[in-house]
Amino acid sequence: MTIQPVKGTRDFYPREMAVHNWIVDGWKKISLRNGFEEYDGPIFEYLKMYQVKSGDEIVEQLFSLTDRGGRDLALRPEMTPTLARMVNQQINSLPKPIKWFSVPRLFRAERPQKGRLREFFQWNIDIIGVDDVLADAEVIFTTIDYLRQVGLTSTDIKVKISSREFLAGFLKSIGIPEEKLGDIYVLLDKSAKLPPGVFEELLREQVPDKTISGKILDFMVEQSIEQVRDLTAPNESTESALENLGNVFNYLESMGVGDFCIFNPGIVRGLAYYTGIVFEVHDAVGELRAICGGGRYDNLLKDFGGPSIPATGMGMGDCVLEILLREKGLLEKQLPAGSIDYFVAYVDESYKNQAIRITMELRSKGCSANFSYKAAKLNKQLKQASDQNARKCIIIGQEIESNQLAVKDMTSGEQKLVNLDEFNA
RNA sequence: GUGAAAGUAGCUCAGUUGGUUAGAGCAUCAGAUUGUGGUUCUGAGGGCCGGGGGUUCGAGUCCCCUCUUUCACCCCA
């Protein structure tokens with residue numbers, strides 16, 4: 001009986017692992033150069049932690065288990081609750097602002113489809129303790145910094161930015177009651193995926209008043225902050241939200257990534273905890289699901305039992321990103337070829353121990369080195385060397401009797417005899 | 001959880017109205033070459049045709065069930 005891999009999981013053979021490492025290394029490098037520090041937490045947490053903000057529907061999408069002590073646990077489906085817990089625990093001793101990143105392995109018991117698996121990796125960056133939308137801008141900048149680094153341009157991808165704060169203010173200013181906001185958010189979030197007529201129909205169901213629903217429709221097609229300002233009955237909360245939104249774009253312009261960023265009133269983000277700036281990065285064609293998303297969540301730490309501290313962050317999964325990079329041909333191009341420094345070949349069984357000794361010598365000096373387990377024909381061993389992408393090949397033959405070995409440069413093909421003492425030096 | 005399509009070698013796929021022993025390319029291994037790689041040539045291994053049941057003299061092929069994958073919903077933290 002053969003055992004299959006679990007639904008929605010991936011096996012990382014060396015080939016896939018190389019791709020994965022390249023992606024993760026890039027995430028880490030960009031995080032560090034933007035001043036973020038790495039953290040991690042346990043891969044499972046109390047189930048309760050995910051029920052706090054999300055309710056029972058989410059629990060059905062979790063892998064949960066009961067341990068032998070009767071504790072209800074869940075494999076982590078996201079990193080933010082763990083982050084909130086960790087930050088809350090040491091909030092008084094952590095220097096502010098907190099700029100942390102992580103690349104957690106996450107699990108969601110959803111049905112797998114394109115760009116969405118049951119086990120995946122997600123790059124998270126968060127800035128905690130900063131009110132100013134400059135922090136939101138820096139999160140967005142860091143995100144773009146990575147995407148730009150791997151070769152995506154502003155014609156490949158777009159960062160769509162909006163504001164929950166403004167959206168709430170706008171909807172209330174045109175007469176939508178507070179308790180309706182959630183339903184409207186869900187609808188607006190979906191709008192891009194719906195055929196035009198269907199969206200209007202659904203909107204009328206939610207908002208029977210034609211003048212009000214008309215205003216929402218107008219709002220959704222606007223392309224600039226100035227235009228939506230004109231639609232809004234001005235009041236204090238919408239004014240400050242618009243100012244924040246404007247500032248984010250100004251900062252992003254100063255940071256040199258303005259051409260990636262556009263205002264998009266349809267960006268709402270799924271769940272409840274966002275409070276301010278929200279954004280998603282999409283491929284320009286709109287073929288794939290969002291590459292990443294994020295925003296400001298000023299109430300979350302408090303909701304997890306901590307003090308009221310503002311926070312903003314971003315999460316980027318590895319699945320959609322990899323699909324996009326592959327489609328754009330950016331993976332093959334940039335992936336470093338696996339290679340070793342030396343391959344040690346020997347022409348006869350009698351030199352085997354010499355070969356082993358020299359290989360170990362190289363390794364102890366910090367060079368990567370391999371040798372053949374069998375005294376195969378030299379052409380076979382050289383083939384092994386080139387299959388392994390060895391930069392140089394050492395050939396041990398008769399010359400070793402007079403303390404010499406051949407060093408062959410595998411790219412140029414040049415070969416020279418080197419004295420053993422000289423080689424060891 | 002709902003719906004649709006597809007599963008033949010490690011991978012990409014052929015396989016005649018149902019008819020002998022299921023094929024190719026790539027990949028792997030070995031040989032052509034007694035001390036020189038990437039090319040080429042030759043050969044080999046590798047398959048319960050996803051699994052189970054049914055129809056039939058006979059099933060990779062037709063029917064039913066199931067599993068898996070892909071796609072679309074739900075959801076998207």
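Side chains are part of it too, since the values below use all heavy atoms of this structure and drop only hydrogens, waters and symmetry mates. Proteins get letters first, then strands, A, B, ... in listed order; numbering begins at 1 in each.
- One donor-acceptor pair, N or O on each side, does fall under 3.5 Å between the base of B/U33 and the side chain of A/Asn379.
- Two residues are said to be in side-chain contact when any heavy atoms from C-beta on lie closer than 4.5 Å; A/Thr312 and A/Val130 fail this criterion.
- Side-chain atoms of A/Arg76 come within 3.5 Å of backbone atoms of A/Pro42 as a donor-acceptor pair (strictly under, hydrogens ignored).
- Summarising the base pairing, B/C71 is matched to B/G3 through a Watson-Crick or G-U wobble pair whose two defining distances lie under 3.5 Å.
- Taking every side-chain heavy atom of A/Lys114 into account, B/A72 is the closest of B/G35, B/G37, B/A72.
- Of the candidate nucleotides B/A77, B/C67, B/C74, B/C74 has the atom lying nearest to any side-chain atom of A/Gln113.
- Note: CG (A/Leu288) to P (B/C71) measures 11 Å, nearest angstrom.
- Note: NZ (A/Lys408) to P (B/G38) measures 11 Å, nearest angstrom.
- Counting only heavy atoms from C-beta on, A/Arg116 has its side chain closest to B/C74 among B/U33, B/U36, B/C74.
- Each of B/U70, B/G37, B/C75 was ranked by its minimum atom distance to the side chain of A/Met410; first place goes to B/G37.
- With hydrogens and angles disregarded, no donor-acceptor distance shorter than 3.5 Å links the side chain of A/Glu222 to the backbone of A/Phe219.
- Atom P of B/U66 sits at a distance of 11 Å from the matching atom of B/U2, rounded to the whole Å.
- Going from atom NZ of A/Lys190 over to atom P of B/A72 covers 16 Å, rounded to whole Å.
- Remark: C1' of B/U36 and NZ of A/Lys392 are 17 Å apart, rounded to the nearest angstrom.
- When atom types are taken as modelled, the side chain of A/Lys416 and the backbone of A/Asp409 share no donor-acceptor pair closer than 3.5 angstrom.
- Ring planes of A/Phe121 and A/Phe12: perpendicular class, angle over 60° (limits at 30 and 60°).
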Please tabulate, one pair per line, each protein N/O and nucleotide N/O from nucleotides 3-13 of chain B that are separated by under 3.5 Å, including the distance.
from: B/G3; atom 1: O6; to: A/Arg111; atom 2: NH1; distance (Å): 3.2

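- Between A/Glu110 and A/Arg116 there is a salt bridge, with a side-chain nitrogen of the basic residue lying less than 4.0 Å from a carboxylate oxygen of the acidic one.
- The nucleotide B/U16 finds no pairing partner, because no Watson-Crick or G-U wobble arrangement with both distances shorter than 3.5 Å includes it.
- At a threshold of 4.0 angstrom between heavy atoms, the contacts of A/Ile395 include nucleobase atoms, whether or not backbone atoms are also involved.
- The backbone N or O of A/Tyr39 sits less than 3.5 Å from a side-chain atom of A/Ser102, completing a donor-acceptor pair.
- Among the heavy atoms of the strands lying under 4.0 Å from A/Lys7 are primed sugar atoms or P, OP1, OP2 only; no base atom is included.
- For the P atoms, the distance linking B/C64 with B/G18 amounts to 16 Å, nearest Å.
- The same atom, C1', is picked in B/U68 and in B/U8; the two are 15 Å apart, to the nearest Å.
- For B/G35, the base has a donor-acceptor partner in the side chain of A/Glu399 [N/O atoms by modelled type, under 3.5 angstrom].
- Taking atom P in both B/C73 and B/G53, the straight-line distance is 38 Å, to the nearest Å.
- Ring geometry, A/Tyr342 versus A/Phe423: the interplanar angle exceeds 60°, so the pair is classed perpendicular (tilted spans 30 to 60°).
- At a threshold of 4.0 angstrom between heavy atoms, the contacts of A/Gly293 with the nucleic acid are absent.
- Each of A/Gly8 and A/Met79 was matched to the nucleotide of RNA chain B holding its nearest heavy atom; the match closer to the 5' end belongs to A/Gly8.
- Under the Watson-Crick or G-U wobble criterion, with both distances below 3.5 Å, B/G25 is paired with B/C11.
- On a pure distance criterion of 3.5 Å, a polar donor-acceptor pair joins the side chain of A/Arg108 and the base of B/A77.
- Listed nucleotides: B/G35, B/G31, B/C75. Nearest to the side chain of A/Gln398: B/G35.
- Comparing the P positions of B/U70 and B/G38 gives a spacing of 38 Å, expressed to the nearest Å.
- The aromatic rings of A/Phe263 and A/Phe249 stand perpendicular to each other, their planes meeting at an angle above 60°, with 30° marking the opposite boundary.
- When rounded to the nearest whole Å, the span between CG of A/Leu106 and C1' of B/C76 equals 13 Å.
- Among the nucleotides B/G31, B/G37, B/C75, the one closest to the side chain of A/Lys377 is B/G31.
- A donor-acceptor contact shorter than 3.5 Å is absent between the side chain of A/Arg164 and the backbone of A/Arg296.
- Out of B/A77, B/G35, B/U68, the shortest distance to the side chain of A/Leu378 is found at B/G35.
- A residue-by-residue look at A/Gln415 and A/Lys374 shows that A/Lys374 has its nearest nucleotide of RNA chain B further toward the 5' end.
- To the nearest whole angstrom, the two P atoms, one in B/G58 and one in B/U21, are 14 Å apart.
- Using Watson-Crick or G-U wobble geometry with both donor-acceptor distances under 3.5 Å, B/G45 finds no partner in any strand shown.
- Heavy atoms of A/Gln384 sit nowhere under 4.0 angstrom from any nucleic acid atom.
- Interface remark: the A/Gln381 side chain does not form any donor-acceptor pair with the B/U36 base, using a distance-only criterion of under 3.5 Å.
- Nucleotides B/G60 and B/G7 place their P atoms 16 Å apart, quoted to the nearest Å.
- Rounded to a whole angstrom, the distance from the C1' atom of B/G15 to that of B/C49 is 11 Å.
- Note: CZ (A/Arg289) to C1' (B/C74) measures 12 Å, nearest angstrom.
- Atoms NZ (A/Lys383) and P (B/U40) sit 10 Å apart, rounded to a whole Å.
- Computed from coordinates, the A/Asp387 CG to B/U39 C1' distance equals 13 Å when rounded to whole Å.
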